Amino acid sequence: MRAALYGTDGDGGGGAVDSSAGDSSTGGSGADGFYRRPEGPAGHFRTSVHASPLFAAAVARLLCRVDEALGRPGTLDFVDMAAGRGELVTGVLAALPADVAARTRAYAVEIAGRPEGLAPRITWLSEPPRQVTGLLFANEWLDNVPVEVAEVDPAGVPRLVLVRDDGTERLGEPLSGAEAEWLARWWPLPAEEGLRAEIGLPRDLAWAAAVSCVARGLAVAVDYGHTADARPPFGTLTGFREGRETAPVPDSSCDITAHVALDACAAAGAGAGAGAHASGPAPLLTQRAALRALGVTGARPPLALAGTDPAAYVRALAGAGEAAELTAPGGLGDFAWLLRPVGIANPLPGAPA
């Protein structure tokens with residue numbers, strides 16, 4: 001399988017690169033790649049983790065629910081996929097009740113090196129551990145797993161999009177094999193010139209592999225995405241640099257990302273190695289619904305509190321503002337949470353989609 005965000009243009013002229021998001025040419029995982037830069041992802045885009053500590057606290061409460069469902073094991077695993085500089089795993093450990101924190105074995109999975117100052121109890125890995133008993137949590141990971149881009153040519157045929165290191169594109173060969181099969185099943189393109197799709201097969205495989213690491217517990221992927229009933233007609237490929245959206249040029253200067261076909265990932269996770277003993281279907285919730293089920297509502301504090309305890313009112317008001325950002329329609333609240341319980345019941349039952 002080609003591991004490219006969009007395919008290499010090697011048709012002469014110089015400057016052609018392997019445009020894999022996992023290669024240094026794209027700012028991915030190579031030695032000089034984007035995700036190895038000293039400022040880390042937080043220097044270029046803001047996730048829910050950076051928006052408010054309420055997010056880590058909610059994940060900690062989810063871990064506690066998983067702990068209860070597992071019968072409070074002697075060792076409880078928490079795996080932070082695409083951990084950045086360890087912000088989420090650090091926040092989760094800080095928010096856990098003391099008795100749960102004492103039993104928690106924490107992992108951060110990231111291609112970059114271990115950051116200075118990270119708590120020694122956090123194990124830093126380049127791949128997720130096997131036989132996880134607990135919670136594997138992947139916040140904005142799948143959108144950076146590299147995928148191919150297809151575009152319909154004037155004859156109505158979907159072809160691979162090729163790119164040079166300056167961002168110049170051209171159409172390559174017609175899609176074939178597993179990529180063509182994926183497109184036909186999950187993102188069929190009408191025969192209309194210019195329509196685009198991102199071939200999510202590598203993400204399906206990545207998610208299935210992550211789920212297979214969970215022996216018992218829960219795997220969660222949080223990302224911006226879409227499902228078959230609302231695919232974007234021209235795809236979503238874009239870049240981010242220093243907090244602003246930019247052209248997706250594969251030169252290590254920006255994060256290159258595309259929204260995730262989460263329904264395809266859900267199906268792949270259901271058929272993963274752990275799928276044989278996974279419990280029930282894979283729920284797909286909005287972040288708004290998931291966080292509300294975990295106690296993050298954005299409700300304003302009662303005005304009476306301002307008269308009896310002004311400082312507490314100001315703190316509660318600030319927290320309500322942060323919660324509102326995490327659950328806002330049209331923003332972070334529209335992110336999707338893909339849940340895959342393994343050997344336990346869904347710990348967020350009844351949460352509205």
Side-chain angles (χ1 to χ4, degrees), residues 47-49 51-73 76-82 88-89 91-93 95-97 100 104 132-142 207-208 210-211 213-227 260 262-263 265-270 272 274-275 277-299 319 322-329 331-353:
T47 72
S48 296
V49 178
S52 170
L54 293 175
F55 187 79
V59 176
R61 287 193 288 275
L62 179 59
L63 179 58
C64 289
R65 292 193 183 191
V66 172
D67 182 42
E68 289 281 353
L70 290 168
R72 298 178 176 270
L76 177 69
D77 296 321
F78 177 69
V79 181
D80 180 8
M81 293 289 296
L88 177 60
V89 64
V92 167
L93 289 174
L96 286 173
V100 180
T104 298
V132 170
T133 299
L135 174 61
L136 182 148
F137 199 89
N139 185 60
E140 294 198 43
W141 168 51
L142 289 174
W207 177 240
V211 170
C213 292
V214 180
R216 290 183 67 228
L218 180 69
V220 179
V222 181
D223 235 309
Y224 38 83
H226 44 72
T227 53
V260 183
L262 285 165
D263 48 351
C265 289
H277 55 279
S279 301
L284 190 60
L285 307 173
T286 64
Q287 174 156 295
R288 182 166 49 258
L291 290 184
R292 285 177 177 172
L294 292 167
V296 180
T297 66
E322 293 175 3
E325 181 182 0
L326 290 172
T327 59
L332 294 173
D334 288 346
F335 275 46
W337 283 41
L338 172 60
L339 280 67
R340 189 62 203 163
V342 180
I344 64 171
N346 175 17
L348 289 178

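For reference, positions follow the sequence shown, starting with 1. Nothing here was measured: the structure is a model prediction, and the numbers come from that model.
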Quiz item: Looking at Leu338, Val59, Leu348, Leu62, which hits side-chain contact (heavy atoms from CB on, under 4.5 Å) with Val220?
Solution: Leu62
Quiz item: For Val66 and Pro347, which heavy atoms make the closest approach, and how far apart are they?
Solution: CG2-CG, 4.3 Å
Exercise. Determine the minimum heavy-atom distance between Ala208 and Ala268, stating which atoms define it.
Key: CB-O, 3.7 Å
Quiz item: Residues in side chain to side chain contact (heavy atoms under 4.5 Å, CB included) with Pro53, at least two apart?
Solution: Glu322
Quiz item: Which residues pass the side chain to side chain contact (heavy atoms under 4.5 Å, CB included) test with Ala69, sequence neighbours left out?
Solution: Ile344
Quiz item: With a 4.5 Å heavy-atom cut-off, do Val92 and Val89 have their side chains touching?
Solution: no
Self-check item: Derivation and outcome, side-chain contact (heavy atoms from CB on, under 4.5 Å), residues Val296 and Arg61
Solution: CA-CA 11 Å; Val296 180; Arg61 287 193 288 275; 3.5 Å; yes
Quiz prompt | Those residues that, when tested against Tyr224, pass ring pair (Phe, Tyr, Trp, His ring centres under 6.0 Å) (two or more places apart) | solution = His259, Phe335
Exercise. Might you point out which heavy atoms bring Ala336 and Leu284 nearest each other, and give the distance in Å?
Key: CB-CD1, 4.0 Å
Which pairs of donor and acceptor atoms, one on a side chain in residues 288-295, lie under 3.5 Å apart (sequence neighbours left out)?
{"unit_1": "Arg288", "atom_1": "NH1", "unit_2": "Thr327", "atom_2": "O", "d": "3.3"}
{"unit_1": "Arg288", "atom_1": "NH1", "unit_2": "Gly333", "atom_2": "O", "d": "3.4"}
{"unit_1": "Arg288", "atom_1": "NH1", "unit_2": "Asp334", "atom_2": "OD1", "d": "3.1"}
{"unit_1": "Arg288", "atom_1": "NH2", "unit_2": "Asp334", "atom_2": "OD1", "d": "3.3"}

Quiz prompt | Gap separating the OG1 atom of Thr133 from the CG atom of Asp77, nearest 0.5 angstrom | solution = 5.5 Å
Quiz item: Distance from Leu63 atom CG to Glu68 atom CD, nearest 0.5 Å?
Solution: 11.0 Å
Quiz item: Do you see a donor-acceptor pair shorter than 3.5 Å between the side chains of Ser48 and Gln287?
Solution: yes
Exercise. Indicate the ring-plane relationship of Trp141 and Trp207, choosing parallel, tilted or perpendicular according to the 30° and 60° boundaries.
Key: tilted
Quiz item: Between Ala95 and Ala57, what is the shortest heavy-atom contact and its length?
Solution: CB-CA, 3.8 Å
Practice problem: Would you name the heavy atoms of Val260 and Cys265 that are closest together and state the gap between them? | Solution: CG1-SG, 3.8 Å
Quiz item: Which residues pass the side chain to side chain donor-acceptor pair (under 3.5 Å) test with Thr227, sequence neighbours left out?
Solution: Asp229
Quiz item: If we only count heavy atoms from C-beta on, is the Pro283 to Pro341 side-chain gap below 4.5 Å?
Solution: yes
Quiz item: Of all residues at least two apart in sequence or in a different chain, which pass the salt bridge (charged side-chain N to carboxylate O under 4.0 Å, His left out) check with Asp223?
Solution: none
Quiz prompt | Approximate separation, where rounding is to 0.5 Å, of Phe137 CZ and Leu339 CG | solution = 8.5 Å
Quiz item: Rounded to the nearest 0.5 Å, how far does CG of Asp67 lie from CG of Leu218?
Solution: 12.5 Å
Quiz prompt | Gap separating the CG atom of Asn346 from the CZ atom of Arg340, nearest 0.5 angstrom | solution = 10.0 Å
Self-check item: Shortest non-hydrogen contact from Leu96 toward Ala60
Solution: CD2-O, 3.6 Å
Practice problem: Output the distance between atom CG (Leu88) and atom CZ (Phe78), rounded to the nearest 0.5 Å. | Solution: 4.5 Å
Exercise. Please name all residues satisfying side chain to side chain donor-acceptor pair (under 3.5 Å) with Asn139, sequence neighbours left out, ordered by chain then number.
Key: none
